[in-house]
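Below you'll find the structure, written out as structure tokens, and then a few comments.
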Number of protein chains: 2
Amino acid sequence: MSEGVEWAIHSCLNLAWVEPAEAVSAAQLAAFFALPAAYLNKQLQALVRAGILTSTSGPRGGFRLARDPDTISLLDVVTAIEGAQEAFRCQQLMKSRPGARKDIDYRKECLVSQAMRQADLAWRRTLADRTIGDIKTDVEKLDPDTPELTRSRLAELR
Amino acid sequence: MSEGVEWAIHSCLNLAWVEPAEAVSAAQLAAFFALPAAYLNKQLQALVRAGILTSTSGPRGGFRLARDPDTISLLDVVTAIEGAQEAFRCQQLMKSRPGARKDIDYRKECLVSQAMRQADLAWRRTLADRTIGDIKTDVEKLDPDTPELTRSRLAELR
DNA sequence: GTCATACTACTCGGATAAGAACTGTCCGAGTGGGGTAGG
DNA sequence: CCTACCCCACTCGGACAGTTCTTATCCGAGTAGTATGAC
């Protein structure tokens with residue numbers, strides 16, 4: 001899995017902690033995490049295309065959450081970066097088996113494919129049940145200073 | 001995910017359908033599925049290293065299941081090909097956060113990492129619950145001719 | 001006919017290239033703000 | 001002093017290289033079976 005997923009999730013968390021009216025530039029977020037700015041920008045663009053963030057050009061521009069953090073699941077973020085296709089893609093080896101039929105889509109019928117898909121669904125379900133808002137809340141419970149510390153640190157990097 | 005995973009699972013299934021005393025060469029399996037022989041051989045070597053198959057050199061040599069199909073889970077096969085490390089590897093971006101502590105291993109403490117690990121565990125649990133023996137049985141229920149057809153087809157490719 | 005021996009063909013195993021995907025970088029289009037000059 | 005205009009710095013966005021991982025290939029070490037020749 002691309003490391004951009006981790007960058008994206010932590011960036012969304014930071015954006016959830018600043019004022020919704022205020023945009024944060026890719027350069028600020030990159031400086032915050034000590035990451036390459038241009039490449040992080042590339043990942044954030046993917047989040048914009050997925051409808052998770054909105055972007056603004058020019059001075060005082062940057063990225064904002066496009067919707068409430070409670071409506072952004074981890075699966076949304078992962079899908080935005082990695083793409084929607086599942087990790088295991090069936091090549092339909094069953095077609096090479098004697099007695100195979102041409103009219104069957106083995107991506108659905110093959111029992112191996114089904115088992116792998118079932119595991120993939122379990123993974124997706126777990127990620128879909130956890131939102132940016134959840135994690136934001138839980139982090140604040142562990143360390144109540146986080147919102148204020150994050151805001152001030154980002155302000156320094158403007 | 002590497003496509004070798006699918007090759008490996010289907011190869012194990014075929015090996016489960018031949019006589020346990022009889023070895024099947026990589027060339028036979030490759031011809032069966034119309035796959036590149038040398039590369040399939042490489043994947044099967046990984047299964048040998050993982051203790052799933054045993055190999056024999058020379059004429060009438062090849063690969064055999066190392067143990068009962070019911071004791072070989074899909075997770076075993078996936079792990080043999082892909083490696084044991086989970087897909088999401090935490091880079092500990094939390095360390096860049098103001099108020100972070102050096103003495104904490106954020107690969108365990110970071111809530112993002114925990115959420116991703118939880119999803120990974122759900123995926124692994126699903127794969128661990130499904131064995132080569134399970135699939136073998138289910139396929140035979142759908143098509144009782146499969147064992148005999150597989151054996152004879154492999155014999156042709158000798 | 002039987003046994004020992006050498007040979008041959010076959011198989012795995014690891015070392016070696018080609019290709020793709022991920023990672024990282026750079027520059028241009030567009031935008032908003034601030035400075036400046038005129039009223 | 002107020003306003004309109006122009007310039008500039010800032011930001012995203014997509015096009016362009018470098019690096020790592022996956023995919024694919026090739027050749028050598030070792031082995032089992034077979035043929036051959038001697039006894």
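Chain identifiers are assigned alphabetically (A, B, ...) following the order of the sequence lines, protein sequences preceding nucleic acid strands; residue numbering begins at 1 within each chain.
- For the pair A:Asp143 and B:Arg101, the salt-bridge criterion is not met [side-chain N within less than 4.0 Å of a carboxylate O].
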Can you give each donor-acceptor pair under 3.5 Å made by side-chain atoms of residues 40-56 of chain A, sequence neighbours left out, with the distance rounded to 0.1 Å?
unit_1	atom_1	unit_2	atom_2	d
A:Gln43	NE2	A:Tyr39	OH	3.2
A:Thr56	OG1	A:Arg64	NH2	2.7

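- Rounding to whole angstrom units, CD1 of residue B:Ile81 and P of D:dA24 are separated by 14 Å.
- Protein atom CZ of B:Arg89 is 7 Å distant from nucleotide atom P of C:dT23, rounded to whole Å.
- Rounding to whole angstrom units, OH of residue B:Tyr39 and C1' of C:dG19 are separated by 12 Å.
- When heavy atoms are screened at a 4.0 angstrom cut-off, A:Ala26 is found touching the sugar-phosphate backbone but no base atom.
- In this entry the distance linking CE of A:Met1 with P of D:dC21 reads 16 Å, nearest Å.
- A salt bridge links B:Asp120 to B:Arg124: one of the charged nitrogens lies within less than 4.0 Å of a carboxylate oxygen.
- To the nearest angstrom, P of C:dG24 lies 11 Å from CG of A:Leu40.
- Contacts with DNA chain C (heavy atom under 4.0 Å) in residues 57-67 of chain A: A:Gly58, A:Pro59, listed by number.
- Separating the CD atom of A:Gln45 from the P atom of D:dT11 is a distance of 15 Å, rounded to the nearest angstrom.
- Closest to the A:Ala38 side chain, of the nucleotides C:dC12, D:dC26, C:dT25, is C:dT25.
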Using the salt bridge (charged side-chain N to carboxylate O under 4.0 Å, His left out) rule, take A:Arg158 and A:Glu22 through it: C-alpha gap first, then chi angles, then the decisive distance, then the call. CA-CA 12 Å; A:Arg158 178 167 295 283; A:Glu22 184 168 2; 3.4 Å; yes

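- Side-chain contact, A:Glu140 with A:Trp17: a donor N or O sits under 3.5 Å from an acceptor N or O.
- Where B:Gly4 and A:Val24 meet DNA chain D, the nucleotide closest to each residue was compared, and A:Val24 sits on the side nearer the 5' end.
- The nucleotide whose nearest atom lies closest to any side-chain atom of B:Ser25 is, among C:dT25, C:dT11, D:dT23, C:dT11.
- Atoms CG (B:Leu44) and P (C:dC12) sit 8 Å apart, rounded to a whole Å.
- B:Thr131 places a side-chain heavy atom less than 4.5 Å from the side chain of B:Asp134.
- Shortest non-hydrogen contact noted between B:Ala26 and B:Ala37 is CB-O, 4.4 Å.
- Across all strands, B:Arg49 comes closer than 4.0 Å only to sugar-phosphate atoms, never to a base (heavy-atom distances).
- Between B:Thr56 and C:dT11, a side-chain N or O to OP1/OP2 separation shorter than 4.0 Å is absent.
- The NZ-P distance, from A:Lys42 to C:dT25, rounds to 13 Å in whole Å.
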